[in-house]
Amino acid sequence: MRTSELFVPTLREDPGEAEVPSHRLMLRAGMIRKVAAGIYTYLPLGLRVIRKIEQIIREELLRAGAQELLMPILSPAELWRETGRWDFYGKELFRCRDRHDREFCLGPTHEEVVTDLFRREVRSYRQLPLTVFQIQTKFRDEIRPRFGLMRAREFIMKDAYSFDAEMTGAAKSYQAMYDAYHRIFERTGLRFRAVEADTGLIGGTSSHEFMVLADTGEELIVYDPHGTYAANVERAEVPPPTEISIEPLQPLQKVHTPGAKTVEEVCALLGATPDRLVKTLLYTTDRGTVVAVLIRGDHQANEIKIKRYLGVHDLALADAETVQAITHAPPGFAGPIGLSHVRILADHAIRAMRNMIVGANEADAHYINANWDRDFQVEAFADFRQARAGDPTPDRTGTLHCARGIEVGHVFMLGTKYSEKMGATFLDAHGSEHFVIMGCYGIGVGRTVAAAVEQNHDDKGIIWPIPIAPFHVHLLPVTPSDAIAHLTETLYHDLQRAGIDVLWDDRDERAGVKFNDADLLGIPYQIILGDKGLAQGTVDLKERKTGRIEKLSPSSLISSLVDKLSMGAKA
RNA sequence: CGGGGCGUGGCGCAGCCCGGUAGCGCACCUGCUUUGGGAGCAGGAUGUCGGAGGUUCAAAUCCUCUCGCCCCGACCA
């Protein structure tokens with residue numbers, strides 16, 4: 001392809017609307033343009049990358065035995081009412097009506113539609129197992145779309161659904177998708193990690209997220225670099241401490257702590273370290289009750305774990321009035337001693353502590369040398385805090401490290417949640433009816449593109465991994481002589497004949513413009529053709545990633561490139 | 001939905017406080033020169049100043065409403 005024939009409107013300056021690197025660079029490189037908040041047009045270059053990722057996904061899923069189909073974007077309200085999600089999904093579900101005033105929504109996901117298909121068409125265990133997938137545009141009316149393709153309202157997603165007769169089969173289907181996802185992300189050339197994910201209130205069964213590692217990622221993950229354990233921090237279990245404090249119990253004492261509301265302020269005032277202090281967090285649940293959760297001063301509460309323990313949907317830190325009403329003190333001085341009419345839960349770490357510092361439920365006062373059991377009662381000790389670097393793995397064989405990631409894939413065992421609600425059943429060998437066991441599996445295609453840029457860029461532009469690069473090679477003639485024109489033309493055809501995707505910058509631009517645009521677009525290899533090299537019978541082959549330049553004769557160039565590209569594609 | 005910010009030529013911005021009829025850089029068009037890291041000179045085209053209403057002799061500028069967008073938070077698997 002010649003640049004003069006390719007619609008790539010590059011921008012010299014950073015667009016004002018973009019903050020994060022992927023968004024900024026994709027706009028500048030002429031890959032995407034915004035149509036409305038969270039809604040984008042994919043320009044030719046952006047679409048090429050999307051198509052490459054889609055193709056890898058398609059090949060691996062077909063290889064894993066899944067079948068491709070395509071469901072509609074619009075789906076009728078009655079299907080969503082059957083599962084209760086017409087109401088439950090909330091404002092994210094984009095609703096509309098047709099001319100007959102029938103209600104529809106734009107599909108944010110397709111469990112309802114695919115389950116409906118299943119129950120109409122599948123009768124017998126002999127038709128199972130079945131896994132289907134589609135690559136299609138989804139719509140979720142996000143409260144706040146942001147970061148370009150990272151969190152868009154309209155986005156391309158691959159979603160797959162598995163149907164099995166038994167749990168063992170369902171586990172196999174799940175594993176097949178998990179393995180396929182591994183191959184898919186390996187093939188993209190991105191650094192990623194599969195992590196255990198939270199299953200939400202549905203609970204129970206398996207869920208894994210595939211995270212592209214990037215410092216700018218929205219998700220925090222923990223992993224054992226020497227083992228197999230890896231989890232989303234929301235999910236990561238923290239084992240109870242093994243070392244219990246054996247300090248002698250000191251007498252409880254109230255101390256004056258004027259204005260010290262935060263852990264830092266109290267510590268500074270009392271000359272203590274945060275791990276001697278206990279935060280008393282008051283939460284309001286969706287049932288209107290208030291619960292106190294004790295967390296060590298240097299730890300962070302994990303609200304998902306608290307929610308799961310309590311079995312509630314919503315949990316929010318109590319507002320100032322509630323805190324005042326419960327503790328009879330302004331926020332910042334809550335403590336477990338003398339707290340009544342409130343359940344008191346504590347993180348495991350509290351059990352190991354003695355002589356701790358707690359709020360005194362009184363303005364400007366804390367207790368020192370507080371001890372559970374002696375000074376206050378705890379209803380239950382459990383895992384309520386967020387894991388952090390340095391914590392042991394759940395089996396205590398390793399130590400956790402932290403990393404940031406971008407969630408690009410999610411595999412989820414659904415069980416019979418949808419099949420029960422929608423009556424999706426089959427007959428087994430004995431003629432008895434069962435609900436089909438389902439799994440669902442998503443990959444955000446657009447988000448994968450954004451994550452790739454987020455992970456692979458420098459101050460000049462994008463650095464595409466070879467397998468998803470829009471082109472393999474960027475041909476850059478930089479001097480306007482006839483000899484160079486001739487050589488370029490020859491090379492262009494030879495490269496194409498060798499099966500290499502080549503972009504030829506045939507614009508009448510100065511060298512600097514071409515170099516800068518080439519670095520911005522991030523095609524893995526640049527071939528620089530100029531009179532300077534030609535005088536010595538060489539052309540420059542520059543690797544975008546390292547900036548390293550090799551001087552090669554035009555004749556050896558192609559075989560050298562073919563080698564590099566095939567190695568890079570495997571890597 | 002709460003908080004903050006921004007809408008001025010294709011892009012990035014100044015002008016707004018203190019009202020006087022719109023400017024800079026880049027990009028674009030023409031010509032000449034130039035050509036290995038975003039060229040030079042000369043000439044040229046491009047604006048309902050997001051929209052509506054109001055105040056005023058006069059509004060990009062002041063007031064009211066409204067729409068859109070960005071950021072933080074809440075929210076979301």
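Below, chain A is the first sequence line, B the second, and so on; all start at residue 1.
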[N] to [M] separation - [atom1] atoms, rounded to the nearest Å:
N: G47(B); M: G54(B); atom1: C1'; result: 24 Å
N: G25(B); M: G9(B); atom1: C1'; result: 13 Å
N: G3(B); M: A60(B); atom1: C1'; result: 27 Å
N: C65(B); M: A27(B); atom1: P; result: 42 Å
N: C41(B); M: G50(B); atom1: C1'; result: 38 Å
N: G15(B); M: C24(B); atom1: P; result: 15 Å
N: C11(B); M: C67(B); atom1: C1'; result: 23 Å
N: A22(B); M: C26(B); atom1: P; result: 23 Å

Quiz item: Base, sugar-phosphate alone, or nothing: which one does Gln526(A) contact when heavy atoms must sit under 4.0 Å apart?
Solution: nothing
Quiz item: Is Gly442(A) touching bases, backbone alone, or none of the nucleic acid, heavy atoms closer than 4.0 Å?
Solution: nothing
Is there a Watson-Crick or G-U wobble partner for [N] with both distances under 3.5 Å, and which nucleotide is it?
N: C1(B); answer: G73(B)
N: C62(B); answer: G54(B)
N: U48(B); answer: none
N: A39(B); answer: U33(B)
N: G68(B); answer: C6(B)
N: A14(B); answer: none
N: A22(B); answer: none

Quiz item: What's the verdict on salt bridge (Lys or Arg N to Asp or Glu O under 4.0 Å) for Asp458(A) and Arg544(A), showing C-alpha distance, side-chain angles and the deciding distance?
Solution: CA-CA 10 Å; Asp458(A) 61 18; Arg544(A) 172 65 181 87; 2.8 Å; yes
Atom-pair distance ([atom1] on [X]; [atom2] on [N]), nearest Å:
X: Arg507(A); N: A27(B); atom1: CZ; atom2: P; result: 12 Å
X: Arg33(A); N: G10(B); atom1: CZ; atom2: P; result: 14 Å
X: Leu93(A); N: C76(B); atom1: CG; atom2: P; result: 15 Å
X: Asn232(A); N: A77(B); atom1: CG; atom2: P; result: 14 Å
X: Glu218(A); N: A74(B); atom1: CD; atom2: P; result: 12 Å
X: Lys417(A); N: A77(B); atom1: NZ; atom2: P; result: 9 Å
X: Leu27(A); N: C11(B); atom1: CG; atom2: C1'; result: 12 Å
X: Asp198(A); N: C76(B); atom1: CG; atom2: P; result: 12 Å

Check: [X] side chain, [N] base, donor-acceptor under 3.5 Å:
X: Lys542(A); N: G37(B); answer: yes
X: Asp531(A); N: G36(B); answer: no
X: Glu509(A); N: A39(B); answer: no
X: Glu13(A); N: G25(B); answer: yes
X: Asp519(A); N: G37(B); answer: yes

Self-check item: Minimal non-hydrogen separation, Tyr441(A) against Ser162(A), with atom names
Solution: OH-OG, 2.7 Å
Quiz item: Does atom CD of Gln300(A) have more than 12 heavy-atom neighbours, drawn from other residues, nucleotides or ligands, at distances under 6.0 Å?
Solution: no
Which distance, rounded to the nearest 0.5 Å, do you find between the [atom1] of [X] and the [atom2] of [Y]?
X: Arg235(A); Y: Glu196(A); atom1: CZ; atom2: CD; result: 5.0 Å
X: Glu407(A); Y: Ile221(A); atom1: CD; atom2: CD1; result: 11.5 Å
X: Lys551(A); Y: Lys542(A); atom1: NZ; atom2: NZ; result: 12.0 Å
X: Ile462(A); Y: Leu25(A); atom1: CD1; atom2: CG; result: 5.0 Å

Quiz item: Can Ser556(A) and Ser560(A) be counted as having a side-chain donor-acceptor contact under 3.5 angstrom?
Solution: no
Quiz item: Using a distance-only test with no angle check, is there a side-chain donor-acceptor pair under 3.5 angstrom linking Thr416(A) and Glu420(A)?
Solution: yes
Quiz item: Between Tyr178(A) and Phe210(A), is the gap from one ring center to the other below 6.0 Å?
Solution: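 Between Tyr178(A) and Phe210(A), the centre distance is under 6.0 Å.
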Exercise. Summarise how protein sits on nucleotides 67-73 of chain B as a single string, 5' to 3': B when a protein heavy atom is under 4.0 Å from the base, S for sugar-phosphate-only contact, - for no contact.
Key: --SSBBB
Quiz item: Where along residues 473-492 of chain A does a heavy atom come under 4.0 Å from RNA chain B, residue by residue in number order?
Solution: Val478(A), Thr479(A), Pro480(A)
Quiz item: So which pairs with a foot in residues 38-47 of chain A pass side chain to side chain donor-acceptor pair (under 3.5 Å), sequence neighbours left out?
Solution: His23(A)-Tyr40(A)
Quiz item: Does a side-chain N or O from Arg12(A) land closer than 4.0 Å to OP1 or OP2 of G38(B), or not?
Solution: no
Quiz item: Which nucleotide, A77(B), G12(B), G36(B), lies nearest any side-chain atom of Lys532(A)?
Solution: G36(B)
Quiz item: Looking at G36(B), C26(B), C76(B), which one has an atom nearest to any side-chain atom of Arg151(A)?
Solution: C76(B)
Exercise. Using atom types as modelled and distance alone, determine if a side-chain donor or acceptor of Lys305(A) lies under 3.5 Å from a backbone N or O of Ala236(A).
Key: yes
Quiz item: More 5' along RNA chain B: Arg28(A) or Glu142(A), using each one's nearest nucleotide?
Solution: Arg28(A)
